[in-house]
Every structure is written in C-alpha cells, then in structure tokens.
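Down below is the structure, laid out as structure tokens.
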Amino acid sequence: DAKTTQPPSMDCAEGRAANLPCNHSTISGNEYVYWYRQIHSQGPQYIIHGLKNNETNEMASLIITEDRKSSTLILPHATLRDTAVYYCIVRVPQETSGSRLTFGEGTQLTVNP
Amino acid sequence: DSGVTQTPKHLITATGQRVTLRCSPRSGDLSVYWYQQSLDQGLQFLIQYYNGEERAKGNILERFSAQQFPDLHSELNLSSLELGDSALYFCASSVYGVGANVLTFGAGSRLTVL
C-alpha cells in the first residue's frame with residue numbers, strides 16, 4: 001500500500017465546508033484512494049473512494065489531483081455529528097476477495113458550534 | 001444499523017479466562033475481518049476470512065484464533081486473557097469483487113479484562 005500522510009488534527013466551524021487533505025505521493029497507477037471515518041468508539045464508516053476522477057456521494061466529495069499524489073475529502077456543510085477521525089487509505093481494489101485495510105493515525109476533525 | 005452484528009456488546013472478564021466474540025456479516029458479504037482497537041494503538045488488523053477460508057493474517061496473537069462457519073458468521077476466540085487484551089474488537093464484512101475494499105463495520109465488542 002502506498003504511504004499516506006494526513007494532518008493529525010483540524011478544526012471546522014459548523015455549517016462550513018471541511019476540507020481534509022491526504023498526501024500519497026508514492027501511489028501507483030492501479031491504487032484507489034479510500035476514505036473512512038470513525039466517530040468516537042463507534043465502528044469505522046466507509047465514506048467514499050476514487051481512482052483519478054473526482055467523486056461525489058451523499059456524504060462527501062473526493063478531489064484527486066491530476067498527478068494523483070494527493071487528494072482532499074470535502075464535507076460540504078459540516079455538522080457537529082461529523083466530528084470524527086478521518087482515515088485516508090490507498091489500496092489496490094483488484095483483490096476480489098478483499099484483504100486487510102491498514103488504518104493509520106488519521107485526522108481528528110473537530111466541528112465547532 | 002450497518003447490517004454487521006456483533007455480540008456481545010460489552011464483556012467483562014478476568015485474567016486467564018477465555019471468551020468468544022461473534023460476528024454476523026451483512027447479508028451477501030462473503031469476507032469477514034477482525035480488528036482490535038486498544039486505547040494506545042489505533043485500529044489493528046487481526047485476521048480475514050473469505051467464504052470460510054483464512055485469507056490474510058495480521059499481528060494476531062497465538063492465544064487468539066478465529067473461524068468462519070458455513071453460514072458465514074465468524075467467531076474470534078481469545079484465551080489466557082491478559083490485562084492488555086482489553087480493547088474494542090470490531091468485525092467488518094465486504095462483498096466479493098471490485099467492492100471488496102469497501103468494508104462495513106459492526107458496532108464492536110468492548111472487552112474489559114480485570
């Protein structure tokens with residue numbers, strides 16, 4: 001898996017967009033970027049993933065730079081419930097039976113009222 | 001409700017004892033994963049099963065064992081428990097195919113060893 005680097009913590013005001021960066025400069029051509037989050041002591045939750053095109057779902061948007069060396073997860077209107085640790089993971093998706101995902105330290109996002 | 005069911009939610013036991021944690025994956029998911037989360041260590045991958053077969057192993061202690069049954073539920077057995085085994089244990093499941101790295105996690109089993 002490519003190594004990822006995330007800031008340890010970030011703050012965001014409620015109602016504003018939260019932009020969480022992830023650096024993955026050693027990413028290879030067939031590796032996807034996955035984002036998960038973990039609200040305190042709950043099970044981690046899948047958010048979104050992508051290869052090279054920007055992706056959007058009901059939870060968030062994922063912007064991947066053209067060289068694919070970094071990405072940004074965007075929560076468009078952060079709420080207090082979005083306070084969590086956010087994990088960026090780079091992984092090959094072609095293992096059809098699945099395999100371990102390695103969770104690093106992630107970014108602690110705190111949404112303030 | 002994620003669709004992944006873990007029991008028990010909480011478990012308190014003594015050192016030296018043995019416990020079994022149970023996981024029912026989301027309907028249709030063939031892969032089951034176990035993760036351990038201690039206060040000071042983050043999420044650690046333990047083991048993965050796919051359709052009854054062990055597929056990947058992490059830093060799982062020899063005192064721990066797991067299996068996946070024909071009905072696809074999985075059990076994690078922890079024996080000769082030590083204080084340091086106190087942690088949250090999460091089970092996750094995923095589908096077969098290109099979505100295999102999209103894991104759905106359960107709510108976890110909190111184990112306290114006294």
Side-chain angles (χ1 to χ4, degrees), chain A residues 1-6 8-9 22 24 27-28 30-53 55 57-60 62 71 73 81 84-108, chain B residues 1-6 9-10 23 25-26 29-60 68 72 87-111:
Chain A
D1 298 351
K3 179 178 166 57
T4 61
T5 304
Q6 300 178 252
S9 64
C22 180
H24 31 79
I27 192 170
S28 59
N30 60 350
E31 288 183 310
Y32 278 58
V33 180
Y34 295 84
W35 283 84
Y36 284 78
R37 74 179 181 183
Q38 186 178 24
I39 297 169
H40 181 64
S41 293
Q42 296 183 20
Q45 178 187 25
Y46 163 80
I47 301 173
I48 197 167
H49 72 282
L51 180 64
K52 53 184 177 182
N53 296 322
E55 301 287 345
N57 63 20
E58 65 278 3
M59 288 184 68
L62 174 60
S71 60
L73 179 75
R81 287 193 300 271
V85 178
Y86 287 77
Y87 299 96
C88 169
I89 302 168
V90 173
R91 190 85 179 123
V92 175
Q94 295 168 350
E95 296 148 5
T96 55
S97 63
S99 64
R100 74 177 76 187
L101 287 184
T102 301
F103 291 80
E105 299 296 319
T107 297
Q108 171 66 58
Chain B
D1 181 7
S2 68
V4 177
T5 303
Q6 290 189 247
K9 286 187 170 44
H10 302 276
C23 170
R26 216 171 47 144
D29 287 358
L30 298 179
S31 284
V32 169
Y33 310 74
W34 287 97
Y35 283 81
Q36 178 193 54
Q37 187 169 38
S38 305
L39 271 177
D40 56 351
Q41 288 207 4
L43 278 159
Q44 301 291 321
F45 170 77
L46 295 179
I47 199 164
Q48 180 217 351
Y49 282 84
Y50 173 73
N51 204 21
E53 294 184 1
E54 182 185 305
R55 281 300 174 98
K57 212 167 187 176
N59 295 324
I60 186 167
Q68 185 180 27
L72 301 177
L88 271 167
Y89 291 85
F90 290 106
C91 170
S93 69
S94 71
V95 298
Y96 175 89
V98 294
N101 286 336
V102 176
L103 272 56
T104 301
F105 283 80
S109 293
R110 182 178 292 279
L111 174 65

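Sequence lines set the chain letters: A, B, ... in the order given, protein chains first and strands last, and positions in each chain run from 1. This structure is a prediction, so every number in the text was calculated from the model and none was measured.
Residues A:Leu62 and A:Trp35 are in side-chain contact: their nearest non-hydrogen atoms beyond the backbone lie under 4.5 Å apart. Counting heavy atoms from C-beta outward, B:Phe105 and A:Gln45 have side chains that stay 4.5 Å or more apart.
Of the atoms belonging to A:Glu105, not a single heavy atom falls under 4.5 Å from chain B. With a 4.5 angstrom heavy-atom cutoff, B:Gln44 does not touch chain A via any of its atoms. Residue contact with chain A, scored on non-hydrogen atoms closer than 4.5 Å, involves the backbone and the side chain of B:Leu43 alike.
For A:Tyr34 and A:Tyr46, the ring centers sit 6.0 Å or farther from each other.
Looking at B:Ser31 and B:Asp29, their side chains never bring a donor and an acceptor atom within 3.5 Å of each other.
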